[in-house]
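FYI, the numbering just counts along the sequence from 1.
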Amino acid sequence: FRSIRTTFSVKEIALRILTHKFSSEKEGIAKALTTHIYKSCGIYRGLGHPDAAKVSLSSLRSLMQVVEKSNIFDHTSGNMPLLLHLEDAKIMRSQHDLDGAIIYCKTIANHLTNTKKKLVHPEHQICAESLLLGGLWMAQHNVDDAESILSSYFEKAASQASQIYQKLPSNSNVQRASMASFKLGEFAANLFNSADARVSSEAWKRRVIVANERKNELKAVVDQIRKLQKKPRASNEEAYRDASIIHAQLTREVEMDDRELKSVEKSIQRYLHLSVESYCNALKLCPTTMTAVAKHVFQLISLWFKNCQRKETQDIVNSLLKSNLSRIPSYRFVPLTYQLFSRIDELKDDHNGFQNTLREIVKIVCSEHPYHGIVQLLALSNGKRVGGGVNGRHANAYLENVGTTKVDAANQILQEVRRRAPSYVAALIDTYDTLMNAYMNVAEYDTSKVIQRRMTRGLSFKQYKLDLDSCLSVGRGRGKKSETTTNMPAIITKPPPIRPDAQYGDGMEDPIGTERVLGFEPTFDLTPTGLHRPKIVKCIGSKGGRFKQLVKGEDDLRQDAIMQQVFGTVNDLLRHEGSAGKEIIEKYLGSSLSTGTTDRLKLITYGITPLSPASGVLEWVDNTICFGDFLTDKGNNVGAHSKYFPGEWGSN
């Protein structure tokens, strides 16, 4: 921070000297000086030094007074005073003066809401930002009721920011509009989840039961009054009066119950509609440079899956996703391929349109991002291939429990992708299918006889009639060269990074960030331990890389792959946590002063690719040991348990 502040101070002093030295350029230099000091306020605050930001803000106000007295130019005619008030609010928030910060935001918003200037005027941009900040701070600390915050701050901020962007497209305006819509969607989603949890609680169910009992009681009283009306009034006057009093009281209570139930039901539908719509609008707008978007995509898909089959809400989510799907960039869905593809099923009785919309997403992902989608879809189509069983369950019992509708649906989608996608995607489907079948043959091969002969290294694929090293007709040269080798699959444990422009080389060039499969070494090894003794193979990349892989059979790796996805998401959160200050430094001062300390915080992940419910391929991780070997004593090695808990009983 000291070096950054020194850099800003030196530049400020230089600009002040130039202001006095070049009188003919006073106006331009004075504007540059005020802009420089204003930027320093935001940087100091972003780096966690609000006191330094406050000093800079005070210096800026003093400079503005001098400039106005000298008639260099008039600051008050622009939006600088409002920007300074907004900066005051941000500094107060950094100093934990929440009340003062919210009051400033309210004052700015109320002042600008009544202005009659055009919507694209800079003051309206300040108004949108003050509404958004005020809403965020109030929501974080429960300063006001949720409905007021939603309608008076988040909805207004999102609407105004979106209109400003439509009138005046720019990087800053699209960032503001996207962020406002994301925050509106997030807040509305929280309200929906809270209301949904309330109506799902036991207390609410008892409340509904009591309301129904009260309605039945009211019907009984109405029947009683009708019977009394048929009898002489004089003999039943007191009973009639009592029944009328009870009737009036029950009627009021039933009406109150109906109003409350309908109000909660409407609120749930409104919050859900607002949340899904806002998320969709934000995803259509947000630029590729915007960070921390993945969590909002996860939230959107979570809302969709949670409500796609519910009678009260299915029409809302399915219609909104269907109408916005074509305008949401497809790369936003790629990190969720496991979750999306796992819900593929037959189209029978798809009255709400969920499966149609889901299939459309899957086809778009496979067509535009084939190296990320095809493997998942082929793995789903291999659902019937379970070898001798899955995780100890017999194959027939497993297939009877899971059914085959997903497999049939996956095969249908594959055929549709072949027809509508570019020709190289259809060729990739063929080569991936060939490669995955060869992998599965290796995974399912019974090595019990080989182990009895104590042969675990240098086993030949040719000797055991396995074709992994020749399935693509390259490498050792067994067989004739296939025409499909021009569209070789990528290394299956190292897919390329997701590209927003969906440019992966069209099957003719290596996708950026990975290599394609050229072949395999002609021999494989068996692991020294393991229930089913997985096989170790070495894949040869198109750039000469050697990729060591572990091929496992009779084991469901889908949960393992999901855990690696979770770890990857944690890495995204760690990478973006605290990155705001770093982005500010790099924007204004360059990357030389950026510390990059948060980049070191991450979990080491490795590639896992399920091929079927009973087989898969894992990336080999060097310099590691089994967790059991780490914990327990083995030979001359002292395990962690004995090391840190000496004297306690061990595993033996």
Side-chain angles (χ1 to χ4, degrees), residues 1-95 101 104 108 122-123 125-126 129-130 133 170-176 179 287 289-291 576 578-599:
F1 173 73
R2 289 181 180 178
S3 61
I4 295 170
R5 191 171 187 181
T6 300
T7 303
F8 268 90
S9 299
V10 169
K11 187 173 180 180
E12 181 182 341
I13 293 170
L15 288 171
R16 287 182 183 274
I17 293 172
L18 291 174
T19 304
H20 296 289
K21 194 170 183 179
F22 298 97
S23 57
S24 60
E25 300 292 336
K26 267 189 175 181
E27 182 176 347
I29 298 173
K31 286 183 178 180
L33 179 59
T34 55
T35 302
H36 171 72
I37 298 176
Y38 177 73
K39 286 180 180 178
S40 70
C41 294
I43 290 177
Y44 296 159
R45 175 180 46 78
L47 294 175
H49 294 271
D51 293 333
K54 201 169 184 179
V55 171
S56 292
L57 199 60
S58 177
S59 174
L60 180 56
R61 285 197 166 99
S62 300
L63 175 65
M64 289 173 59
Q65 292 177 359
V66 173
V67 168
E68 289 165 14
K69 288 180 181 179
S70 303
N71 294 321
I72 297 176
F73 68 93
D74 186 11
H75 272 292
T76 58
S77 60
N79 59 354
M80 182 59 76
L82 292 170
L83 285 173
L84 296 185
H85 284 306
L86 188 58
E87 187 63 32
D88 277 325
K90 294 176 182 178
I91 292 173
M92 288 179 181
R93 176 67 183 85
S94 299
Q95 294 177 324
Y104 262 81
I108 295 170
E123 291 184 359
Q125 300 172 16
I126 300 172
E129 188 171 352
S130 64
L133 289 174
S170 67
N171 290 335
S172 60
N173 287 342
V174 72
Q175 289 271 1
R176 186 186 301 107
M179 183 57 66
T289 55
M290 197 168 182
T291 59
H576 297 137
S579 63
K582 179 182 172 183
E583 290 174 358
I584 292 172
I585 295 171
E586 291 181 350
K587 181 178 180 182
Y588 295 114
L589 301 177
S591 59
S592 60
L593 291 176
S594 179
T595 58
T597 54
T598 56
D599 292 343

Exercise for review: Mind checking the CD-OG1 spacing from Gln175 to Thr289? Nearest 0.5 Å is all I need.
Suggested key: 5.0 Å
Practice item. Name the orientation class of the two ring planes belonging to Tyr44 and Phe8 (parallel below 30°, tilted from 30 to 60°, perpendicular beyond 60°). Key: perpendicular
Exercise for review: Identify the two heavy atoms, one from Pro50 and one from Gln95, that lie closest to each other, and give their separation to 0.1 Å.
Suggested key: CB-CG, 3.7 Å
Practice item. Mind checking the CD1-CD1 spacing from Ile4 to Ile43? Nearest 0.5 Å is all I need. Key: 7.5 Å
Revision key, fill the gap. In this structure, CD1 of Ile17 is separated from CD1 of Ile29 (nearest 0.5 Å) by 11.5 Å
Study note, to complete from the structure: CZ of Arg2 to OG of Ser9, rounded to nearest 0.5 Å, is 13.0 Å
Point to revise | Spacing of CG belonging to Leu86 relative to CD1 belonging to Ile108, to within rounding of 0.5 Å | key: 5.0 Å
Revision key, fill the gap. For residues 40-57, the salt bridge (charged side-chain N to carboxylate O under 4.0 Å, His left out) pairs (sequence neighbours left out) are Arg45-Glu87
**Study point:** Whether Ser58 side chain and Val55 backbone form a donor-acceptor pair below 3.5 Å
**Key:** no
Check your understanding: Quick one: are Leu133 and Arg93 in side-chain contact, heavy atoms under 4.5 Å?
Key -> no
Review point. What distance separates Thr34 OG1 from Lys39 NZ, expressed to the nearest 0.5 Å?
Key: 10.5 Å
Practice item. Check whether any side-chain heavy atom of Met290 lies under 4.5 Å from a side-chain heavy atom of Val174, and answer yes or no. Key: no
**Study point:** side chain to side chain contact (heavy atoms under 4.5 Å, CB included) involving Ser59 - partner list, sequence neighbours excluded
**Key:** Glu12, Arg16, Ile37
